[in-house]
Amino acid sequence: MAVLALAACKDKSSDRPPAPAPSPTGSGATAPEITVYSGRSEKLVGPILAAFEKEHGVKLKVRYGETAALATLLLEEGARSPAAVFLAQDVGAVGALTERGLLATLPDEVLARVPERYRAEKKTWVGVTGRVRTIVYAPSRTSEAQLPASVLDLTQPAWKGKVGWAPQNASFQVFVTGMRKALGDEATAKWLSDMKKNGTRDYAKNGAIVQAVAAGEIALGLVNHYYLYQFLKDDPAFDAKNHFTVAKDPGSLVNLSAVGVLASADAAAAKAGTQLAAYLLSDAVQAQFAKDTNEYPLVAGVAAPEGLKPLAELEPPAIDLSSLGDLEGTLDLLRKTGVTP
Amino acid sequence: MPTALAAIGIAALVAIPIGYLAIRAAEGRGGLGAILEPSFGWLVVRSLGLGLTVGVIATALALGLAVLVEAVDLPLRRLATPLVVMPLAIPSYVAASAYVAGLSPLGPFGQLLAGLGVGPVFPEGFTWSVFVLVTSTVPLAFLPLRAAIARVDGDLYDAARTLGCSRTRALATALRPVLGRAARSGFVIVVLYTIAELGTVAILRYDALPRVIYHQFLSAFDRAAAARSALVLVALVLLVIVVAGGTSARTRAGDRGRPLRYHLGRARFLALVPIAGYVLVATIVPLLSLVAWLVKTPSSGLALGRAVTGSLHAAAIVVVPSVVGAVIVAVVAERGGRAGRTLGRIVDVGFALPGLVVALGLSVAALRAMPSLYHGWVPYVLAMMILFVPLGVAAIRGSLASVPPSLEEAARTLGASRRQAFWRVTLPIVRPGVLAAAALVVISTAKELGASLLILPPGETTLAVQLWDAIEEARYGHAAAPALLLIALAAIASFAIERRGMKEAAR
């Protein structure tokens, strides 16, 4: 009813002479405000966004949440979304939004900040940081010799009930999408159901997996590489270490956090949103990501986090990151194999 | 008239989430018909199976405990009831959190087990869900049963004995007429609670409907699936209510002889064992676990400030519309004749609805009708009203019933307008009820989990949400502080209500 009433108001007002357009100087004087949906936590990106507000005179309204939930929200909202920018944990969510035509194309000078394989073929998103899938383990309980060479080995009886994963987590889901690309749906489905049969334990969050490994609740956990360092910062003796599986293993996928501007944003908001994307790719912010969160910077010339192999030297499976947008297919597979309800 | 219209408006609130869920569900793949898919059948079996199992076990245990507390000459009898009812102050998701934290390898009981050479125990799945939910819901079934037994006529027992019945048979004869009804109403309350509860099954990783709905809301990518599951859950709740014929536990307060006291003799002390056992698993173990984690994590109090201010903020926004709504509904239900009573019953339905479902429906409604409202307080406040106005109504109706309408009529013959009569005469008398309603709403807001997780405005938090976040991240130490505070709040509330109840009874 209210919507109808509003629509009716609109019709009536269109009879009147159009209101004078705001003068360019007038709109420049007040700080523009845009809404950002952030699938990355406030703790990680809050300070960076605050610095952007200060430097660029743009006010940000940030809604933090899970990447998948925010992507779902954007789909529900469609063209009516208040959001101008989406910061995603992974390329699966921005890929899925690209497929639904919800993201605008970014200008070439922003895209060109990162190598070609770290941005969308359709130019709708650009990678901000890189993260590697790893297996976290506790050196005091599991020796290096015991560690599996590939994630495919985790279905063996030796690991029964000793592995943890986070099937509701966006990073895990994009890892599964990558595995589907590398091995095909059938082999992936078999791996998933074998893992489930092998008593792999569900966790809600990656951080919980790392804790559970250090505490001895499980021996191995499938996570992104950088969670570990948050714990090591608080406690240098924290009993956990990252293990990288063999070259080209689906378990060593390099994934990205990414940013996109919504197609539904008006011109002013889109402009401010593009500024934010460019800001995240500035040398200083890229270096800050490497230092504060131990993620890989994607811009050439910015050094990798301390103690980590440079991104170029890693040997992830040969998967085109722009092809990882079939999140729905992955969710279907997770449901069919009973990994998620 | 405006009062009646407002009351109708509040009753109609219940229809908004359900209506929008139906609309949204119809749009998904396969439309509404997809509800008939076998996967939904399994979900129903799992949820209903959990509900009935918990219902049967909790009611049976509660019956046993109620007989011990009320019908035999138990030592320390006065202490027994508060001890058995104490778990009411521990929301079941808090108990679940406490068991998960306590049994984790670094938790107090995990370390104890490891010392004994027992590998890690993971409290999860059907069995653990039944266990934790039973420990939390026994008091819900216990209270009506105890009240019923307290009304049993001891003379009936004596009569049966003189007619040659054995002592056990005579006891059964005396109890049977009152117990059936009380047991049924306790059972229904437990089943309704269990099938609607999100936190416990999510923390204990059992795929009952609420956990599945939450998962679908977060990451199914198509909220039609969540809407369908939510409708199935609503249908299940309504089915239980209809089959059971309501939950009212009123028993005749007829004349009675002396209270029943079955003499156990030496076995009296043995009768303390089941009560002690129940107190141990339902109260002592969870509290020990939480306190141990709190002591171990000195920094856990730090995050508490934000949770407390967050809870107060949310409560401050919710409390006025909820209490005003409750007063309006209470007046209409109490004074509005048959139509008023029906209206009261419609409002009551909101209390039985899972918070998760209400929130999901309201989020769909907001996104559809007024997207700008989605990120604000409106959907949250409406959800809390649907869930908690019935609580407030119950608190206010009691004191309202004690005000004879003739009092207001007298005021009116003395020249007061209808409104003046209400404000100057009736409201001051029902003020304790209104204050109790406000307190209940404030505490329920802090405790509520399912709806808060979905539609609390971004950046806001409550004690329950803070506890949930900490458990999801396995930061058990940080879960301990909000958990213990929630328990303390609920304990204070039930103590205050008990005191008030006794005062009113003494009047």
Side-chain angles (χ1 to χ4, degrees), chain A residues 1-4 6 35 37-38 42 61-73 75-83 93 96 161 166-170 173 199 201-212 214-218 234 327-328 330-332 334-336 338 340-341, chain B residues 24 29 39 42-43 46 100 103-107 110-111 114 119-122 124 202-203 205-209 211-226 229 299 363-364 366-375 454 457-459 468-476:
Chain A
M1 279 310 270
V3 177
L4 286 178
L6 285 179
T35 300
Y37 285 3
S38 174
E42 186 169 4
K61 260 172 80 179
V62 191
R63 179 170 186 131
Y64 294 97
E66 296 285 319
T67 297
L70 291 172
T72 308
L73 179 58
L75 286 176
E76 291 277 315
E77 288 175 337
R80 295 184 300 183
S81 177
Q168 310 196 20
N169 186 273
Q173 289 164 356
R201 294 177 45 75
D202 290 355
Y203 289 84
K205 300 264 163 81
N206 280 302
I209 296 181
V210 177
Q211 291 228 41
E217 198 170 300
I218 43 173
D234 291 343
L327 189 51
E328 273 184 285
T330 295
L331 293 171
D332 270 345
L334 290 171
R335 263 195 300 273
K336 270 186 208 139
T340 60
Chain B
R24 190 69 190 84
R29 270 184 285 180
S39 59
W42 278 114
L43 275 178
R46 273 204 292 269
V100 167
L103 285 166
S104 71
L106 299 179
Q111 285 177 332
V121 172
F122 300 120
E124 62 186 44
I203 288 164
R205 298 170 182 164
Y206 180 66
D207 282 334
L209 265 166
R211 184 183 193 216
V212 172
I213 295 169
Y214 183 62
H215 172 73
Q216 287 170 333
F217 172 82
L218 274 190
S219 62
F221 224 63
D222 172 10
R223 287 205 179 146
S229 312
S299 64
S363 77
V364 173
L367 282 174
R368 288 299 175 100
M370 295 185 200
S372 59
L373 290 184
Y374 181 82
H375 300 274
L454 262 58
W468 168 268
D469 286 344
I471 291 291
E472 284 230 301
E473 286 166 25
R475 289 181 295 121
Y476 300 130

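Naming convention: chains lettered A, B, ... in sequence-line order (proteins, then strands); numbering from 1 in each chain.
Annotation: side chain of A:Lys61 is not in contact with side chain of B:His375 (no heavy-atom distance under 4.5 Å). B:Glu473 is not listed as a side-chain neighbour of A:Gln211, based on a closest heavy-atom distance of 4.5 Å or more. Taking 4.5 Å as the limit, every side-chain heavy atom of B:Arg211 sits out of range of all side-chain heavy atoms of A:Pro341. B:Pro371 is not listed as a side-chain neighbour of A:Glu77, based on a closest heavy-atom distance of 4.5 Å or more.
Both tests hold for B:Arg205 against A:Tyr203: distance to the six-membered ring centre under 6.0 Å, angle to the ring axis within 45°.
Judged by distance alone, the side chain of A:Arg80 and the main-chain N or O of B:Arg368 form a donor-acceptor pair under 3.5 Å.
Only the side chain of B:Arg24 comes within less than 4.5 Å of a heavy atom in chain A; its backbone stays farther off. For A:Asp332, the part lying near chain B is the side chain, with the backbone staying farther off; criterion is any non-hydrogen pair under 4.5 Å. Contacts between A:Glu42 and chain B at a heavy-atom distance below 4.5 Å are absent for every atom of the residue. Looking at A:Leu73, both its backbone and its side chain come within 4.5 Å of chain B, counting heavy atoms on both sides.
Note that OG1 of A:Thr340 is 4.0 Å distant from NE2 of B:His215, once rounded to the nearest 0.5 Å. To the nearest 0.5 Å, atoms OH (B:Tyr214) and CD (A:Gln168) are separated by 8.0 Å. Annotation: the span from A:Lys205 atom NZ to B:Asp469 atom CG amounts to 5.5 Å, rounded to 0.5 Å. Taking CG of A:Asn169 as the reference point, atom CG of B:Leu218 lies at 11.0 Å (rounded to 0.5 Å).
Smallest separation of non-hydrogen atoms from B:Ala474 and A:Ala208: CB-CB, 3.7 Å. The two atoms that bring A:Gly216 and B:Pro120 nearest to each other are O-CG, 4.5 Å, heavy atoms only.
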query = Where do A:Arg63 and B:Tyr374 land on the side chain to side chain contact (heavy atoms under 4.5 Å, CB included) test, with the steps shown first?
reply = CA-CA 12 Å; A:Arg63 179 170 186 131; B:Tyr374 181 82; 3.7 Å; yes
